Amino acid sequence: MYPQSFSPVQQVDFALLLVFSFAGVVVLALTLITLWFIYRFRHEKNPEPTDIQGNTRLEIAWTLVPFLLVMGLFYFGWTGYKALRTVPDNALPVQVTAKMFSWTFTYQNGKHSSELVVPTDRPVLLKIRSADVIHSFFAPAFRVKMDAVPGMENYTWFKAERDGEYEIYCAEYCGTGHSVMLSKIKTMPEKDFAAWLDTKEPLKGADAGHALMEAQGCFSCHNMNGDNSMAPALPGLYGSTLTITVDGKEKQVVADERYLKESIINPGWRTIKGYDNTMPPYSDLTPEELLQILQYLKSIGKDSPAGAGGAHRGHDGHGTQ
Ligand code: CUA
């Protein structure tokens, strides 16, 4: 059971428990009554079946009783639903963008984050959008699940009552990377949160390159979790030997700085064996941005710890076969 971290949590859990225990009681009662009838009206005891031609009181009872029970269940379901849809006035708004296969959280001051960092004890309003296909924002600890649909904005809210880390999943099948479309909710005291929100230190070197690639959506195709069916894996790429096709002829090249730079600016001049020519050109990057991306690729290159694993995984994907 997840911790009960905000008030609608209790309402949702209560509605679930109510429906579940109600169903349990009905199943048990019906089973016992059936067994009793089997025993009581068995052939030796009741050789001639009785033919009953209607009973108004019984018919009213079996209509009215289930009606009242179902309306009772509806009441608790409705109040729980209302709690989930009624956003408190002091809620902190955060823009959620779902994209194959990552989550981006944008705050009012323009800060982006790949994790949802929020203050404890303050309601958070999530405005959920999708940049491509249908995803679904799912945070089980807060009983919150809402679809991210392209072309429209959905919302949901939650409130964390203690500091901690909670899982975020994508709950709508959205492609090969669906199962790795994960993130975290991090809750912290208001003071720490304010400090976190204010830090806008510019990233440097490989970190800046990573942030840039994330912002450009590179990891949507260059999946960082071992699935290289759409595009070559990046870990281990720098410094590795690739088979490419130029003007219909295959040849081997080393993915060095120059090769990668040309491939980012103008990917169409060659294709890597096993892949189609689908990458758009990134010719509007500044020389400094290109350098940062190359520094990042180098940091996860063939000779780095990350690259050793990445290069190995590279042989499993269909792209290299
Ligand atoms: Cu996004 Cu499944």
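Everything quoted here is computed from the prediction, not taken from an experiment. The figures that follow rest on heavy atoms only: side chains count, while hydrogens, waters and symmetry mates do not. For ligands, and for the atoms within them, numbers begin at 1 and follow the listed sequence.
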Number of protein N, O or S atoms [distance to atom 2 (Cu) of ligand 1 under 2.8 Å]: 4
Ring pair (Phe, Tyr, Trp, His ring centres under 6.0 Å) against Phe41, all qualifying residues, sequence neighbours excluded: Phe37
Met279 versus Ile264, closest heavy-atom pair with distance: CE-CA, 3.9 Å
Check: Gln252/Thr243 side-chain N/O donor and acceptor closer than 3.5 Å: yes
Donor-acceptor side-chain pairing of Asp163 and Thr187 below 3.5 angstrom: no
Counterpart residues, salt bridge (charged side-chain N to carboxylate O under 4.0 Å, His left out), relative to Lys184 (two or more places apart): Glu167
All pairs passing salt bridge (charged side-chain N to carboxylate O under 4.0 Å, His left out) where residues 119-135 contributes a residue, at least two apart: Arg122-Glu190, Arg129-Glu153
